[in-house]
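Structure, as structure tokens:
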Amino acid sequence: MSIYSFLVAVRSDGQQLMSDTGETTSHLMGMFYRTLRIVDNGIKPLYVFDGAPPKLKSGELAKRFARKNEASEQHEEAKETGTAEEVEKFSRRTVRVTREHNEECRRLLRLMGIPFIVAPTEAEAQCAVLARAGKVYAAASEDMDTLTFDSPILLRHLTFSEQRKEPIQEIHLDKTLEGLNMDRKQFIDLCILLGCDYLDPVPKIGPNTALKLIRDHGTLEKVVEFIESDPKKKYAIPEDWPYQDARELFLHPDVRSADDPECDFKWEAPDVEGLVQFLVNEKGFNEDRVRSAAQKLQKNVKTAQQSRLEGFFKAIPKTEDQKKDLKRKHEEKVADAKKKKKEDAKTKKETKAKAHLNS
DNA sequence: ACTCTGGCTCAAGACGCT
DNA sequence: GCCTCTTGAGCCAGAGT
DNA sequence: AGCGTCC
């Protein structure tokens, strides 16, 4: 996901950054400096790449594919008749992450000495397993599904950029369940009803209604039964709506077990000359910048071992206003009952163990 | 009057100098 | 054999209560 | 904080 956002956001004059041979470098630029920042803040990141999507997702993926093609057409059209702004707008929408982008990011991580794993399927699910097993301190992702996959802690907006808008959020699954007064099974059912990648949403059921339905009926089985037997026909379950399959994916996703040898991660010193070869010689990065970045990495490999444990995050108490605000939105609706802890970005942070990043 | 959903649009990263 | 997945927030209209 | 630049 972050590769995607780098491709969309890292631009100049409406174009992605490129080497002199015309190859895109936006993803490397984004990866390199963000990872550097993270390491510089005492965190030892582990990246997780998405594997093959589960079959249940193919319907959704087909839709996205269609949308992407549509955007490409609009892009072509804009190039003929539209303004420069329109061309740029549609250009962003046509962005696709390729195998090459992925492989270059992995090569970059290897040279930086940062470990990664390619998940059998969903990266979020793999993140959750590793966090659950204590291989990492938390799973970092923008996706709430990470909690549904049973990660004990989710970090959102884990970036240490100076001009970051959103504060880092640390969300604990146990507190969330406590706040909702639900067990994990109900939470999974709630998330499915709320709308997940695997199933179409149920029309007219938004966050509030979803929460109420699960509260009133306890399980999705009962909710579906209620909806179908409702004489007023207020809601309609979509034709093809295999919620049991979705639930099964959340409960038993295809993941690499944490004790698998592949999950024996190591954080190593950067290969400075390799980085120079790759980023400077091949991609045209500025050599001084790359070398000083590599130096920072090297320094942190040493100091990171002797983890200085200070308070990692500083909690900011929620005001009543903020609570009200949260009532609105859907993910946040969940997050609301969920007790989230907002973190102050400006304070320096340390991880106890290792923070865990999702690609 | 209030609540809720759904449709719409937009913007999206990080650095370093001033 | 192709093809590596957009997403969230803010705003507003309109239906439902 | 704003803004040009990174490649």
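Every chain is numbered from 1 and lettered A, B, ... according to where its sequence line falls, protein lines coming before strand lines.
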Got a list of protein N/O to nucleotides 3-7 of chain D N/O distances below 3.5 Å?
| unit_1 | atom_1 | unit_2 | atom_2 | d |
| --- | --- | --- | --- | --- |
| D:dC6 | N4 | A:Arg11 | O | 3.1 |
| D:dC7 | OP1 | A:Asn286 | N | 2.7 |
| D:dC7 | O3' | A:Thr25 | OG1 | 3.1 |
| D:dC7 | O3' | A:Lys283 | O | 2.6 |
| D:dC7 | O2 | A:Met18 | N | 2.8 |
| D:dC7 | O2 | A:Met18 | O | 3.4 |

Among [options], the one nearest [X] by side-chain distance:
| X | options | answer |
| --- | --- | --- |
| A:Thr209 | B:dC4, C:dT4, B:dA14 | B:dC4 |
| A:Arg37 | B:dT5, B:dC15, B:dA12 | B:dC15 |
| A:Tyr4 | C:dT6, B:dT5, C:dT17 | C:dT6 |

With a 4.0 Å cut-off on N to O distance, would you call A:Lys175 and A:Glu170 a salt bridge?
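Between A:Glu170 and A:Lys175 there is no salt bridge, as every charged N stays at least 4.0 Å from the carboxylate O atoms.
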I need the [atom1]-[atom2] distance between [X] and [N], as an integer number of Å.
| X | N | atom1 | atom2 | answer |
| --- | --- | --- | --- | --- |
| A:Leu213 | B:dC4 | CG | C1' | 13 Å |
| A:Asp288 | B:dC15 | CG | C1' | 14 Å |
| A:Leu194 | C:dT7 | CG | P | 15 Å |

Partner residues of A:Glu225 under the salt bridge (Lys or Arg N to Asp or Glu O under 4.0 Å) criterion, sequence neighbours left out:
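Per chain and number, A:Glu225 pairs via salt bridge (Lys or Arg N to Asp or Glu O under 4.0 Å) with no residue.
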Looking at residues at least two apart in the chain, or sitting in another chain, which of them share a salt bridge (Lys or Arg N to Asp or Glu O under 4.0 Å) with A:Lys222?
none
Filtered N/O pairs between nucleotides 6-11 of chain B and protein, under 3.5 Å:
| unit_1 | atom_1 | unit_2 | atom_2 | d |
| --- | --- | --- | --- | --- |
| B:dG6 | OP1 | A:Lys204 | N | 2.2 |

Bracket string, DNA chain C, 5' to 3' - pairs by Watson-Crick or G-U geometry under 3.5 Å, | interstrand
.....||||||||||||
Side-chain polar contacts of residues 284-291 of chain A - donor-acceptor pairs under 3.5 angstrom, sequence neighbours left out - could you list them?
| unit_1 | atom_1 | unit_2 | atom_2 | d |
| --- | --- | --- | --- | --- |
| A:Asn286 | OD1 | A:Asp288 | N | 3.0 |
| A:Asn286 | OD1 | A:Arg289 | N | 3.0 |
| A:Glu287 | OE2 | A:Arg291 | NE | 2.9 |
| A:Glu287 | OE2 | A:Arg291 | NH2 | 3.2 |
| A:Arg289 | NE | A:Tyr33 | OH | 3.3 |
| A:Arg291 | NH1 | A:Glu273 | OE2 | 3.1 |
| A:Arg291 | NH2 | A:Glu273 | OE1 | 3.4 |

For [X], which contact category applies under a 4.0 Å heavy-atom criterion: base, sugar-phosphate, or nothing?
| X | answer |
| --- | --- |
| A:Glu122 | base |
| A:Val97 | sugar-phosphate |
| A:Lys234 | sugar-phosphate |

